[in-house]
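Atom set for the values below is all heavy atoms of this structure, side chains included, hydrogens, waters and symmetry mates excluded. This is a predicted model, so every value here is computed, not measured.
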2 protein chains.
Amino acid sequence: MKQSNLNETVVDNQLVIDKKKMENIFSDFDLDNPPAVCPIRDVLAKVLDKWSILIVLMLGYYEILRFADLKKKIKGISPKMLSISLKHLEKDGFIIRTAFAEVPLRVEYKLTAQGESFCNKILELSEWISIYFPTIVDGRNKIDAGTKD
Amino acid sequence: MKQSNLNETVVDNQLVIDKKKMENIFSDFDLDNPPAVCPIRDVLAKVLDKWSILIVLMLGYYEILRFADLKKKIKGISPKMLSISLKHLEKDGFIIRTAFAEVPLRVEYKLTAQGESFCNKILELSEWISIYFPTIVDGRNKIDAGTKD
DNA sequence: CCGTATCCCGGAAGATACTG
DNA sequence: CAGTATCTTCCGGGATACGG
């Protein structure tokens, strides 16, 4: 972890954005003229998908779940969407699919190490939201009080 | 921070999911029978939106941007979507909108403290992705090599 | 310049029936 | 049980023109 002094730019409060970090992450393209597509955003978009997040969280909690388990635990998901999401997650290395040659067929899903790591990231985000949630709701109400939608 | 021993279940590597944290965050509902809607997911979904993320990142980097600036810097966004996203972000307390009574009209957007904090969270996520990205791409190729689509 | 209103289309995703 | 195939619906969101 290089700690060079590239960041001597004022840090008068701890909330300042780490622009150096930003430039490192997005070093591939010019921030003033960013490309329409970016691999990081691509991965982000797929994995921040509504269903994918839930699947990851569920597997994070229960460790091993079968197709039917997931379908039951994730309210409202159709077999189609569950199947597609699982394929994406597997393809990108977040989960492992294990099929057992039994009758009736049995298939188990679990997180990979990468998946667990990501799950913890999601948890951090959720934690962040839960901390700010009162403020957010409060602000919404203030605005609602003033304007009509 | 309750550290009850509900989690005596093995911790043989540091990537294990913090289920206690999970239960705290989602304490509102039964994980075995989660509701279809959840306030945290609601906020998450809105703010993890493709355009919202980009707006937050841009404002994190440039600090102050006008409507036209954002439209120019965020490739492909329509005025409609930009407007909607900005409204959401403002309503949820991530950005501040300041209008100056000039002609021609001038409006500036900047992050709130909450917005900056969130921006850093997004940066962490991006950093995570950029770290795992090679692994992800590698895995994809392996799978592609075996199966067609 | 800062947006809103309108029209319109493609693709995301639900429901369901079916197969290995 | 674990998915796939199909059909259809719906609405997110792009393009554009206009109003304040």
Side-chain angles (χ1 to χ4, degrees), chain A residues 34-37 41-55 58-59 62 64-91 95-110 143 146-149, chain B residues 35-37 41-42 44-55 58-59 62 64-91 95-110 143 146-149:
Chain A
V37 296
R41 270 190 55 202
D42 171 57
V43 177
L44 262 186
K46 209 182 305 171
V47 92
L48 290 182
D49 167 72
K50 161 190 182 183
W51 298 125
S52 298
I53 288 183
L54 282 178
I55 292 171
M58 284 301 169
L59 287 175
Y62 291 102
I64 292 181
L65 289 173
R66 303 174 58 173
F67 192 89
D69 296 331
L70 284 162
K71 190 159 160 353
K72 192 178 305 176
K73 290 190 184 304
I74 299 176
K75 292 287 189 245
I77 196 170
S78 64
K80 176 179 150 194
M81 289 316 295
L82 180 54
S83 175
I84 291 175
S85 303
L86 287 171
K87 278 210 168 64
H88 283 164
L89 289 172
E90 187 191 7
K91 181 168 184 179
I95 64 176
I96 293 278
R97 175 186 184 278
T98 315
F100 299 86
E102 306 174 355
V103 273
L105 192 50
R106 185 166 117 251
V107 176
E108 292 184 347
Y109 293 93
K110 63 193 283 282
I143 289 179
T147 70
K148 191 70 204 107
D149 182 353
Chain B
V37 296
R41 269 191 55 202
D42 171 58
L44 262 184
K46 209 182 305 172
V47 92
L48 290 183
D49 167 72
K50 161 190 182 182
W51 297 126
S52 298
I53 287 182
L54 282 179
I55 293 172
M58 284 300 169
L59 287 176
Y62 291 102
I64 292 181
L65 289 173
R66 303 174 58 172
F67 191 90
D69 296 331
L70 284 163
K71 190 156 159 352
K72 192 178 304 174
K73 291 191 183 304
I74 300 177
K75 292 286 188 241
I77 195 170
S78 63
K80 176 180 151 191
M81 289 317 295
L82 180 53
S83 175
I84 291 175
S85 303
L86 287 171
K87 278 209 168 63
H88 283 164
L89 289 172
E90 187 191 6
K91 182 167 184 179
I95 65 175
I96 292 279
R97 175 186 185 277
T98 315
F100 298 87
E102 305 174 355
V103 272
L105 192 50
R106 186 166 117 251
V107 177
E108 293 183 347
Y109 293 92
K110 64 192 284 282
I143 290 180
T147 71
K148 190 72 206 106
D149 181 356

Task: Residues that K46(B) engages under salt bridge (Lys or Arg N to Asp or Glu O under 4.0 Å), provided they are two or more places apart - done: D92(B)
- [ ] Go through the structure and list residues passing salt bridge (Lys or Arg N to Asp or Glu O under 4.0 Å) with R66(A), not counting sequence neighbours.
- [x] none
To the nearest Å, how far apart are [X] [atom1] and [N] [atom2]?
X       : N       : atom1 : atom2 : answer
I95(A)  : dA2(D)  : CD1   : P     : 14 Å
L82(A)  : dG3(D)  : CG    : P     : 8 Å
Y109(A) : dA2(D)  : OH    : C1'   : 7 Å
I84(A)  : dA2(D)  : CD1   : P     : 18 Å
D49(A)  : dG12(D) : CG    : C1'   : 15 Å
K87(B)  : dG12(D) : NZ    : C1'   : 17 Å
L54(B)  : dG13(D) : CG    : P     : 13 Å
L86(A)  : dG3(D)  : CG    : P     : 7 Å

Open item on the list: Report for the helix from dC1(C)-dG20(D) to dG20(C)-dC1(D): angle between first-end and last-end helix axes, five pairs each, rounded to 10 degrees.
Closed with: 50°
Do [X] and [Y] make a side-chain contact, defined as non-hydrogen atoms from C-beta onward lying under 4.5 Å apart?
X      : Y      : answer
I74(B) : W51(B) : yes
I55(B) : L82(B) : yes
L48(B) : I53(A) : yes

TODO: State which residues pass side-chain contact (heavy atoms from CB on, under 4.5 Å) with A99(B); sequence neighbours excluded, sorted by chain then number.
DONE: R97(B), V107(B)
Open item on the list: So, using side-chain contact (heavy atoms from CB on, under 4.5 Å) as the criterion, who are the partners of K50(B) when residues are at least two apart?
Closed with: R41(A)
- [ ] Report, as a single string ordered 5' to 3', how protein heavy atoms within less than 4.0 Å touch nucleotides 14-20 of chain D: B base, S sugar-phosphate only, - not at all.
- [x] BBB---B
Open item on the list: Please determine whether a side-chain nitrogen of the Lys or Arg among R106(B) and E108(B) lies less than 4.0 Å from a carboxylate oxygen of the Asp or Glu.
Closed with: yes
Open item on the list: With a 4.0 Å cutoff (strictly under), does any side-chain N or O of R66(A) reach OP1 or OP2 of dG3(D)?
Closed with: no
TODO: State whether S83(A) places a side-chain N or O below 4.0 Å from either non-bridging phosphate oxygen (OP1 or OP2) of dT4(D).
DONE: yes
Open item on the list: Has S85(A) got a side-chain atom pairing as donor or acceptor with M81(A)'s backbone, closer than 3.5 angstrom?
Closed with: yes
